[in-house]
Every structure is written in C-alpha cells, then in structure tokens.
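One structure is given here, and the rest of the page talks about it.
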Amino acid sequence: MTKLKISVLPNGKPVRLTVELPASVHRDLQAYSELLAREVGEPNDLSRLVAAMVARFIETDRAFAKLRRDLPKRI
C-alpha cells in the first residue's frame, strides 16, 4: 500500500479558524480522511487532518523557512 504523507494527527490546543473551500477540495479532503482512517485503523477528525496538512506544507516549504529566519523573533 502507498504511504500517505500524513499518518498521525497531532493533538494540540486548537485555535478556531473558519475557511471556505471549493467543493472539489472538500471532496478530496473527505477521501483522504477515509483513506487515512483505513490505513491507521481508526476514524479521524477532518479539521485535525486539515491542520496536519497545513503544518506539513509549512514544514516542507524551504523558501518559507529561509525567509522566516530573517523575520523578527516575534513571528
């Protein structure tokens, strides 16, 4: 089976954020959530999945990491 990039959903203190997504993105998120649930053997929360995906994207964005090092420490 193919290994998904997101395998563990982190538990942390949540901050509420409301976003609007295109229907196609929502369908893809639901499909990803279903596949992840099958792979790990337990249901998951779609909002935690989105948070994990955004975190993974930020962690792997080299240009962002480079630019962020130059920002003031408060950010």
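FYI, side chains are in, hydrogens and waters are out, and symmetry mates aren't considered; it's all heavy atoms of this structure.
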Separation between CG (L71) and CZ (F64), nearest 0.5 Å, reads 7.5 Å

In Å and rounded to the nearest 0.5 Å, what is the CE to CG distance from M53 to L36?
-> 8.5 Å

Are V54 and V19 connected in the hydrophobic side-chain network, where two residues link if heavy atoms are under 4.5 Å apart?
-> yes

Linking I/L/V/M/F/W/Y whenever their side-chain heavy atoms sit closer than 4.5 Å, directly or via other members, would L17 and V25 fall into one cluster?
-> yes

Taking S33 for the side chain and L29 for the main chain, is one N or O donor matched with an acceptor at less than 3.5 Å?
-> no

Begin from the C-alpha positions of L9 and D45 and carry the test side chain to side chain contact (heavy atoms under 4.5 Å, CB included) through to its verdict.
-> CA-CA 9 Å; L9 299 181; D45 179 23; 5.7 Å; no

Rounded to the nearest 0.5 Å, what separation is found between the CD atom of E34 and the CG atom of L49?
-> 11.5 Å

Which atoms form the tightest heavy-atom contact between A37 and P43, and what is the distance?
-> CB-CA, 4.2 Å

